[in-house]
Amino acid sequence: MRHLIDIMDLNVEEIQELIDVANDIIANPDDYAEKCRRKKLATLFFEPSTRTRLSFEAAMYELGGNVLGFSEAQSSSAAKGESVADTIKTVGAYADIIAMRHPKEGAPMVASMRSDVPVINAGDGGHNHPTQTLTDLLTINRVLGHFDNITIGFCGDLKFGRTVHSLMNAMSRYENVKYVLISPDELKIPEYLRYNLLEGHNIEYVETQDLESVMPELDILYMTRVQRERFFNEQDYIRLKDSYILTPEKLENAKKDMAVLHPLPRVNEISTAVDSDPRARYFEQVKNGKFIRMALILKLLEVE
Ligand code: CP
């Protein structure tokens, strides 16, 4: 039985296989309409979500399966003090596969150790978000057609942004990928990533606070929201929340074929005036999230 807790649980061949299946689903959706008939997905969301939960649910429905679950901890027996381990053991009696989001880093890992069915990490605190990364990789693959030889700018909250952490890990396995890390001092990447990933693997990277000066170098610009829910102090959030606001003017020096990605939700960090720019790919990303999660469900349920 396989779980997906960290994007590094999948090797690059498996990631390519998921991308290929997702592309085939996009081209031939009817071929997949009955693949998960009589299978059930449980979505256990202890933290808010729009895209991840609904795309998982839409994915299972489009595979012919069914969905059960909860969208907030308060409507589950966690509110009465039930442990994650007991919750997961219980839900495994009703569902064939579980997607779980939790505010505590490592909670889905603990869940997987007690589970009788595959567990997918749908985001754990400020740590990881592997299925967002699969979504990002499918989008990059469909836009650029390759992962090697690209410069990717990560902009905004690189400290708490779990989607950044997972995507940086994933991209580290491709050739000649350069990272440009754009953030205020207080929101730089965690030290464990700097030492274990960037310096540990000799990855080429630069850090800057100035988005416009690096814009012409970028093949991908990955914008992120400042993660209000992870701050201990509201004053710090208010001071930092509008550090970067992408506007059409700031894109003037960008490559014509650069792609702007964002895991969403956005607050102010991308002006809505950017949405009509052909380089704005974040709503395509939203669509891709459903298709790659369909491919992942098929893989973890070992459906041919
Ligand atoms: N990208 C993402 O995780 O969005 P949600 O929080 O809406 O699921």
Side-chain angles (χ1 to χ4, degrees), residues 4-7 18 22 41-62 67 69-76 97-108 119-140 142-143 152 154-171 220-231 237 241 246 259-270 272 274-275 280-297:
L4 178 64
I5 304 302
D6 188 305
I7 192 65
L18 289 172
L41 164 75
T43 51
L44 311 186
F45 277 62
F46 296 81
E47 203 182 53
S49 167
T50 296
R51 276 146 293 273
T52 310
R53 185 171 66 84
L54 297 185
S55 65
F56 262 118
E57 296 186 0
M60 195 48 151
Y61 285 128
E62 292 207 12
V67 174
F70 53 81
S71 58
E72 52 178 336
Q74 284 308 310
S75 64
S76 78
I97 186 166
I98 296 170
M100 176 183 170
R101 170 171 290 187
H102 202 284
K104 286 211 173 104
E105 285 86 355
V119 174
I120 301 169
N121 177 2
D124 61 328
H127 189 213
N128 278 321
H129 193 347
T131 64
Q132 179 62 48
T133 302
L134 290 173
T135 302
D136 302 339
L137 293 173
L138 175 60
T139 307
I140 293 171
R142 288 178 69 82
V143 170
I152 178 164
F154 293 94
C155 179
D157 186 349
L158 311 189
K159 179 178 181 183
F160 297 118
R162 58 193 174 198
T163 64
V164 169
H165 306 158
S166 290
L167 185 56
M168 283 176 63
N169 269 309
M171 292 300 295
I220 301 282
L221 172 57
Y222 195 90
M223 294 295 295
T224 62
R225 172 179 68 93
V226 175
Q227 306 270 303
R228 180 181 201 160
E229 62 274 33
R230 315 271 176 237
F231 276 73
Y237 169 72
K241 69 185 174 73
L246 187 65
V260 181
L261 305 186
H262 191 311
L264 304 181
R266 75 172 146 189
V267 184
N268 279 332
E269 60 277 2
I270 302 181
T272 54
V274 173
D275 296 357
R281 302 290 195 151
Y282 29 90
F283 287 111
E284 283 173 49
Q285 234 175 318
V286 167
K287 290 184 187 163
N288 289 335
K290 180 183 70 177
F291 298 116
I292 200 76
R293 289 181 174 104
M294 289 172 76
L296 179 65
I297 290 168

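Counting starts at 1 for both ligands and their atoms, following the listed order.
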Please work out which of the three classes, parallel, tilted or perpendicular, describes the rings of H102 and F46, given edges at 30° and 60°. tilted
Specify the protein heavy atom at minimum distance from atom 4 (O) of ligand 1: its residue, its atom name, and the distance to 0.1 Å. R51 NE, 3.1 Å
T52 neighbourhood, listing ligand 1 atoms whose heavy-atom distance to it stays under 4.0 Å: 2 (C), 3 (O), 4 (O), 5 (P), 8 (O)
Looking at F56, is R293 sitting on its ring face, NZ or CZ under 6.0 Å from the six-membered ring centre and within 45 degrees of the normal? yes
Do you know the tightest heavy-atom contact between D157 and Q227? OD2-N, 2.8 Å
What is the closest protein heavy atom to atom 6 (O) of ligand 1, and at what distance does it sit? R101 NH1, 2.9 Å
Taking only heavy atoms of L264, which atoms of ligand 1 are found under 4.0 Å from at least one of them? 1 (N), 2 (C), 4 (O)
Number the atoms of ligand 1 from 1 as they appear, then name those within less than 4.0 Å of a heavy atom of T50, with their elements. 5 (P), 7 (O), 8 (O)
Apply salt bridge (Lys or Arg N to Asp or Glu O under 4.0 Å) to residues R162 and E229 and explain how you reach the verdict. CA-CA 12 Å; R162 58 193 174 198; E229 62 274 33; 5.8 Å; no
For ligand 1, note which part of T163 has a heavy atom under 4.0 Å away: side chain, backbone, both or neither. neither
In terms of side-chain heavy atoms, does S166 have a donor or acceptor partner in N128 at a distance below 3.5 Å? yes
Strictly below 4.0 Å, N to O, side chains only: are R281 and E284 in salt-bridge contact? yes
Could an N or O of ligand 1 be found under 3.5 Å from any N or O of P265, whether backbone or side chain? no
For side chain to side chain donor-acceptor pair (under 3.5 Å), just list the numbers for H262 and R225, CA-CA rounded to whole Å, side-chain angles, deciding distance to a tenth of an Å, and then say yes or no. CA-CA 8 Å; H262 191 311; R225 172 179 68 93; over 6 Å; no
Shortest heavy-atom approach to atom 3 (O) of ligand 1 - which of H129, H262, R162: H129
R53 N/O under 3.5 Å from ligand 1 N/O: no
